[in-house]
There are 2 protein chains.
Amino acid sequence: MRIIIFSLRVFAFAGVIGVFILLPLNCTGDQLEDIDFVDFSNNSLDVFTISNVNNGSNRLWVHFCAVYVVTIFVCFLLYYEYKNVSSKRIAYFYASKPQPHQFTILVRSIPVSAGSSVSDSVGRFFREYHPSTYLCHMVIRRTNKLRNLINDSKKLYRRLIHMQADPAQQKYKRSSRFGLFGRKVDLVDQYEKRLEDLEENVRFEQSEVSLAGEEVRAAFVSFNSRYAAATAFHLQQGINPTQWLTEEAPPPDDVYWPFFSSSFMRRWISRLVVIVSCILLTILFLIPVLVVQGLTNLSQLEVWFPFLKSILTLTFVSQVITGYLPSLILQLFLKIVPPIMEFLSSLQGYISHSAIERSACNKVLWFTIWNIFFATVFSGSVLYQVSIVLDPKNIPAKLGVAVPAQASFFIAYVVTSGWTSTSSELFRIIPFIWSLMKRPFVRDTDEEFEVPSIPYHRDIPRILFFGLLGITYFFLAPLILPFLLIYLCLAYIIFRNQFLNVYAPKYETAGKFWPIVHNSMIFSLVLMHCIAVGIFTVKKLSLAPTLIVPLPILTLLFNEYCRKRFLPMFVAYSAETLIKKDREDENDPSMSEFLDRLVTAYQDPALMPIQYSVHSDGLNSPLISSAEV
Amino acid sequence: MRIIIFSLRVFAFAGVIGVFILLPLNCTGDQLEDIDFVDFSNNSLDVFTISNVNNGSNRLWVHFCAVYVVTIFVCFLLYYEYKNVSSKRIAYFYASKPQPHQFTILVRSIPVSAGSSVSDSVGRFFREYHPSTYLCHMVIRRTNKLRNLINDSKKLYRRLIHMQADPAQQKYKRSSRFGLFGRKVDLVDQYEKRLEDLEENVRFEQSEVSLAGEEVRAAFVSFNSRYAAATAFHLQQGINPTQWLTEEAPPPDDVYWPFFSSSFMRRWISRLVVIVSCILLTILFLIPVLVVQGLTNLSQLEVWFPFLKSILTLTFVSQVITGYLPSLILQLFLKIVPPIMEFLSSLQGYISHSAIERSACNKVLWFTIWNIFFATVFSGSVLYQVSIVLDPKNIPAKLGVAVPAQASFFIAYVVTSGWTSTSSELFRIIPFIWSLMKRPFVRDTDEEFEVPSIPYHRDIPRILFFGLLGITYFFLAPLILPFLLIYLCLAYIIFRNQFLNVYAPKYETAGKFWPIVHNSMIFSLVLMHCIAVGIFTVKKLSLAPTLIVPLPILTLLFNEYCRKRFLPMFVAYSAETLIKKDREDENDPSMSEFLDRLVTAYQDPALMPIQYSVHSDGLNSPLISSAEV
């Protein structure tokens, strides 16, 4: 997955163009001489922005042309990137080995007649309507309880291993036993006993779950060819469109087992609830933040913590606190947004980790744009922001006034937030601190270490937001561009390093994140056009606002064309592709073996037999052995 | 197709409920006594509207409850009607005989490699990817020229028949030949010769079109089962999503042959152009109408037609002209809207008459709502209307003020426009006048008579518009309801008669018009809620506007649920349905014969062999003989 690097390239290209066209424009030579470059306060930066250009000046027409040129250039790049990514996606599919999810669909909302099980119902339906292609199915079961048990036993097992491996600790425990007249039993023995009990429990639960009810009305259904699976996925199966709902199966290790709501209504309602709560969170997020920030002014602190009084009277300390505490609080609040959004997405009924992260990525993106861009630009109350959105006629004018005023803030934002976040990414400070904090409590961090995967829903929105800043500000305050370019180069180098050396991809979506990038860029362009209309109106360049109007329309048409031309390739593979790939495999001798393995491919990991207890000799065997259920 | 009757029933139900709840509400007894029922001017009607209720009066809460009750009732009816129509649709499909369009898809944007024809390309593609199900295909050819030739020869043939059948005319012509020394040839002979020439031409063109180029990059592709056709229709065929575009084929006699634009881009652009021109037509329609109406004031008429001066001075004449001329002009302009919308839809790239009419129906509906409802309510300039739409916050308040003021106008509108249009439908005045006017010029009307089909795109929007009036006004001015009910009963009786005795259905869409009805009703409900919010604000019923707000949200959610639950059934049939139907046919011995006939089912009528000339003895054979191409 090199989407991030792709997008970096696009932004870098666009940025370079912007710099070369517009950098020398906004300020004349003599003004430049007046600037005290050491004191980079807001006032001096304003010299570089469009505010410095006289009303109705002809130099504004250069800005006007720049808007056109950059829009065309960005659209051109977007088109080729989309084409590139989609062709890479097809190539990846052709090059891929047969994978279970290519042959499988997920069926939900299975209607069950009284007296028969879900499994019977699925088998009967697909044997009747797809007799020549249907292979097997795997009904999903509710395993939340089981999963907790297994987690418990896993933890216990780890502790046991650790104890056995660390003789010092073991001896100490033993001696303590002897010292206390045998009342304390051997800890290892005790743990082993508890582990055995737990395993017994797990096995009992497993057999119970497998045999009796607990069936969710959903199943993975496998077919003997990719084309057959795609056919079943694309056609509405049952007469009632809310039953027999099909979707593409994710790869087995990408399945998000905990949340399998099956009924159509329940999923629909939870989707609605999640969307509403997301919108509320996005719109109202700043209220608690402002409250907390308001609480942290100096006098309040003095009241709460009287002992700090002496320190707070020092000018330096009070300056640091008033300057950095509010922004630190904001940053901390922002840090918890991606996990919250991920959690909300997981409630939405997605069945794979990748889909959850993709949806969370979108949510975080809009959250960032609203809460950082619009909240800064219209630095009023939430109601004021909402009232602006509800008054579409005046949006450009208001943007035209408010956006240029914040240029220096966003330049500073690129430096403070962008540069530091990227650099801190290199050191992965938070996971580092987290592991430091965790070490004293959890005794077996060595074994638990997993290669981390990059949280796309945290990083992609951030990069896209800087892209939005670059595109909206390039013609207002071209000075932002060098800073952005430095950020992008830094990010390119660092993320390249991280991808190669630190992170391991948890799943492969074959470029499915690209449409998010594309949409965000299109939104940035249209927003930029709105701002341009507003600014040229404010600057009294009479004809320019009217001449800008076709640009957003053309951009949206371009987007519409791209949606038709490329988006379907990201949703599903074409019949041509699937059949070609199927034909390729027909001559492959390993295919029959692969199809046999499909039967157990979508086994819930919680239902795999487990065997940790020391009586077996499989202490070092993999945790999840290949099952034979 | 009984959609109209269905919708009549829904409206009648809703109307009855409205009458029984609200009619006695708005006016107290003593006020009623004051009314002079003979003089039904605006002022007296206002007594029956909500304007008569005091601000903040408790009686307003009854209106409030009525809004809730009627919304719930209408939604309930809508749900059951949707369910009813969709189950009828499935039942119709099960009961239908094998029809060519069930086995066929239309493929457009076929990519052609250099040196091969479209036909080769289609054959190769489907033989490769659907070897077991592909049956045959029929490439579409550009036959506009040919169609004109055939029309010419058809006309000539008719005239000839007429001449031979009418001995008087024939003799007269003959005698004139003798009278003028043979310089005038026998007209029959002359016509026969010209007909032969034309036929020769047609045959030449036909062979030319069939052999050489003129291929459109589109083809009807038939399969050996419904399921196979549906599979090919649902899956994206080619890797490039803008090539090998598939859609369901219409029945052969429903195909709209003249306009087959094939390239993806051209269709997309023409779609955009049509949509834009529709929106412009809808928004700007009133401007030319107002101009024309302005030109027809009395003094202007006197300037143009000085000879009318003496007549115009008569009070009666001038009253009639000033009173009725403007509304007559508006009615005439409105009459030409459905054909214009139909023409625009036909440019949009639809391939069947039914799809064109369905799209035109939607367009006319929105046109009517905008140009009659909103133009009357906000009786200002177009710019004022647009500015209201662009200012969403104030819409309810403005509606709340403006809508009740127009109650008496719309009651009058129901009587004048609704009652008269329905009654005139019984006599079909315009076709009657048209045929009267045409008779002197076209000499063979007897043979040309075809059973007319009802223009759905003219009548459905009108009925739906009255539904909108009923729903938006029932709680403001319940007096509209008896008038509407009379209209609906009248329409029910008349349309039932027309369907049974006058019109013949030209095509069968199996209920595909229903979603339009459903959407229009939902829009009416939400509009009614907006008005209610506005009115309760104006009437200073403090809590009510807030309590109404959940209602439109719930209505829209209900609509969303219906879209998920029923709409897919109107788009395509499910795998279950198709496979069941296919299995049923497997045992039918006539199926193989039917499949053989599929080869020529989608033959362009213009390419059928024609034979009119008198040398053949097939004078009375059907015009379009069953072809053997």
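First the proteins, then the strands, lettered A, B, ... as listed; each starts at 1. The model shown is predicted, which means the values in this text are computed figures rather than measured ones.
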**OP:** First locate atom CD1 of B/Ile269, then atom CG of A/Leu557, and finally report the distance between them rounded to the nearest 0.5 Å.
**Re:** 9.5 Å
Original post:
Among A/Ile579, A/Val571, A/Leu272, which has the most heavy-atom pairs under 4.5 Å with chain B?
Top reply: A/Ile579
Original post:
Can you tell if the side chain of A/Arg583 reaches within under 4.5 Å of the side chain of B/Glu128, non-hydrogen atoms only?
Top reply: yes
**OP:** Give a yes or no answer on whether the side chain of B/Gln237 reaches the backbone of A/Ala575 with a donor-acceptor pair at less than 3.5 Å.
**Re:** no
Original post:
Distance from B/Ile90 atom CD1 to A/Asn240 atom CG, nearest 0.5 Å?
Top reply: 9.5 Å
**OP:** Check whether any side-chain heavy atom of A/Tyr227 lies under 4.5 Å from a side-chain heavy atom of B/Thr231, and answer yes or no.
**Re:** yes
Original post:
Which one, B/Phe125, B/Trp244, B/Trp268, leads in non-hydrogen pairs under 4.5 Å with chain A?
Top reply: B/Trp268
Subject >> Residue pair A/Met569 / B/Ile239, side-chain heavy-atom distance below 4.5 Å >> reply: yes
**OP:** Would you mind telling me which of A/Ser86, A/Pro568, A/Ala230 has the largest number of heavy-atom pairs within less than 4.5 Å of chain B?
**Re:** A/Pro568
Original post:
Around atom OH of A/Tyr94, are there more than 12 heavy atoms of other residues, nucleotides or ligands at under 6.0 Å?
Top reply: yes
Original post:
Given side chains that start at C-beta, do those of A/Pro241 and B/Lys564 come closer than 4.5 Å, heavy atoms only?
Top reply: no
Original post:
Looking at CZ of B/Phe566 and OG1 of A/Thr242, how far apart are the two atoms once the value is rounded to the nearest 0.5 Å?
Top reply: 8.5 Å
**OP:** For each of A/His234, A/Met265, A/Lys580, A/His130, tally heavy-atom pairs with chain B at distances under 4.5 Å, and name the one with the top tally.
**Re:** A/His234
